[in-house]
Amino acid sequence: MEPRSVAASEAPPFLLDRRQAVPALIGRHEDFLIVTGLAGTAKDIAALTEDGSHAYTMAGAMGGAAAMGLGLALAQPKRRVLVVTGDGELLMNVGTLATIAILNPPNLSILCVDNGHYGETGNQKSHTALGVQLDRMAAGAGIGVIRTVNTEADIAEAAQTLRAHNATAFVLLRVKDGPPASFRRNMSAAACRERFRGALLGRGSSGRPPHG
Amino acid sequence: MVREKRVQAGSSIAEPAATVALTPSWQDELYDLLRQHGVTEFAYVPDAGHRVLIDRSLADPGAHSVALTTEEEGVALLAGADLGGARGVLLMQSSGVGNCINMLSLVKGGRFPFLTLVSMRGDFGEGNPWQFPMGQAVQPVLEAMGVICLRVERREEVLPTVAAALTMVFQSGYAVAVLLTQKLIGAKQF
């Protein structure tokens with residue numbers, strides 16, 4: 001028997017297409033330093049930025065995106081940092097919402113693209129399809145600015161929230177089950193690190209020095 | 001596990017923390033060494049063995065003191081700090097090492113510099129049998145994920161070992177764990 005919480009029957013349906021909603025929410029992506037989780041959100045952002053050097057997209061280390069974004073936000077207080085993660089990726093280390101909330105860096109925003117499924121592994125339902133509400137978990141953690149996007153009418157205000165500068169913001173984007181944008185990206189974690197650091201910090205700071 | 005009081009190895013239960021407080025603090029010297037090397041991000045799940053470093057980072061306006069809910073967050077956090085050009089250290093107990101293993105894929109695959117100080121349990125003189133499985137596995141599992149382990153057993157070895165680790169991590173770009181053994185920090189008394 002499938003587990004199901006009371007909240008699942010009360011939740012609005014998943015309507016939006018991520019391929020339109022993610023770009024609409026982020027807008028000018030060059031304004032952000034971006035860290036993504038693996039799978040769907042990595043593809044969303046690789047396509048949006050054309051695998052840009054201001055985005056660090058993962059293909060493993062599941063559960064690390066929000067913490068990685070926090071580290072980047074603390075290190076770069078003058079830059080706006082955007083974490084783009086999925087429901088499954090965030091659920092794996094949902095405690096990171098608490099870690100972030102108590103520090104509340106004002107230059108950090110989290111966009112959770114919630115499709116209610118583990119899209120990379122056979123499309124099994126995730127906890128959020130069964131009633132778990134990540135926006136409420138973020139609120140419970142103490143994140144002060146939270147928006148939930150269910151329809152196109154919610155996008156404009158949430159897009160502004162991602163760019164606000166007074167507190168850490170959390171936007172839950174609920175999308176229907178369906179493929180992310182397609183883009184062939186560099187899958188080398190080391191090459192992407194050097195690319196990111198080189199673009200942000202300049203020449204000579206981009207990686208491990210030659211050995212010997 | 002949080003903020004447990006330790007006494008030095010070999011001292012009796014009858015003469016507890018006061019004895020420790022009178023000895024010069026290598027922990028304070030260690031904090032100063034880390035800061036001198038540009039470390040600004042201090043991430044931790046609290047442990048008695050790291051009490052001084054945690055308190056110093058909380059009181060330091062030039063540092064970020066990041067309380068984690070699980071140690072693997074610290075691995076990802078420090079990688080993010082590196083992307084932004086900052087240096088950090090993960091402070092954890094040996095039990096926390098087990099929580100980090102898959103996240104170390106990021107460090108190994110991404111060739112991120114990574115420094116952690118591990119206060120050991122399940123080691124010399126341990127009185128809690130629950131601490132042994134992870135304590136004894138710390139070095140093999142870290143090494144399996146490409147993290148070089150440096151063990152410290154004596155007070156006079158602390159600063160030279162951490163200085164060596166700082167060079168290995170932030171100059172050569174490797175991942176290093178300094179294991180602060182129970183010979184150094186004492187076994188918790190039960």
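What you see below is based on every heavy atom in this structure, not just the backbone, and it leaves out hydrogens, waters and symmetry mates. Chain A is the first sequence line, chain B the second, and so forth, proteins listed ahead of strands; every chain is numbered from 1.
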If only atom types and distance count, is the side chain of [X] paired as donor or acceptor with the main-chain N or O of [Y] below 3.5 Å?
| X | Y | value |
| --- | --- | --- |
| S172(B) | Y174(B) | no |
| E157(B) | E153(B) | yes |
| E73(B) | T96(A) | yes |
| T181(B) | V152(B) | yes |
| Q182(B) | G125(B) | no |
| H37(B) | L33(B) | yes |
| S94(B) | G135(B) | no |

Validation row: [X], [Y] side chains within 4.5 angstrom (heavy atoms):
| X | Y | value |
| --- | --- | --- |
| L108(A) | L103(A) | no |
| T116(B) | V75(B) | no |
| R18(A) | P179(A) | no |

Picking from [options], which has the most non-hydrogen pairs under 4.5 angstrom with chain A?
| options | result |
| --- | --- |
| L83(B), T69(B), L104(B), L106(B) | L83(B) |
| A43(B), G109(B), S65(B), S105(B) | G109(B) |
| G88(B), G85(B), G74(B) | G85(B) |

> ring pair (Phe, Tyr, Trp, His ring centres under 6.0 Å) with Y31(B): which residues, sequence neighbours excluded?
Replying inline: F42(B)
> So does Q136(B) have more than 12 non-hydrogen atoms from other groups sitting under 6.0 Å from CD?
Replying inline: yes
> Should we say atom CE of M137(A) is surrounded by more than 12 heavy atoms from elsewhere, each under 6.0 Å from it?
Replying inline: no
Where along [range] does a heavy atom come under 4.5 Å of chain B, listed by residue number?
| range | value |
| --- | --- |
| residues 78-89 of chain A | none |
| residues 58-76 of chain A | M58(A), A61(A), M62(A), G63(A), G64(A), A67(A), M68(A), L70(A), G71(A), L72(A), L74(A), A75(A), Q76(A) |
| residues 32-57 of chain A | Y56(A) |

Contacting region of [X] [heavy-atom separation from chain A under 4.5 Å]:
| X | answer |
| --- | --- |
| E72(B) | side chain |
| T40(B) | neither |
| L78(B) | neither |

> When L90(B) is tested against each of V97(B), V118(B), L68(B) for side chain to side chain contact (heavy atoms under 4.5 Å, CB included), which residue passes?
Replying inline: L68(B)
>> Walk me through whether R197(A) and D82(B) qualify under salt bridge (charged side-chain N to carboxylate O under 4.0 Å, His left out).
In response: CA-CA 8 Å; R197(A) 285 174 53 91; D82(B) 171 75; 3.0 Å; yes
> Yes or no on salt bridge (charged side-chain N to carboxylate O under 4.0 Å, His left out) for R174(A) and D154(A), after CA distance, side-chain angles and deciding distance?
Replying inline: CA-CA 11 Å; R174(A) 298 176 77 251; D154(A) 303 323; over 6 Å; no
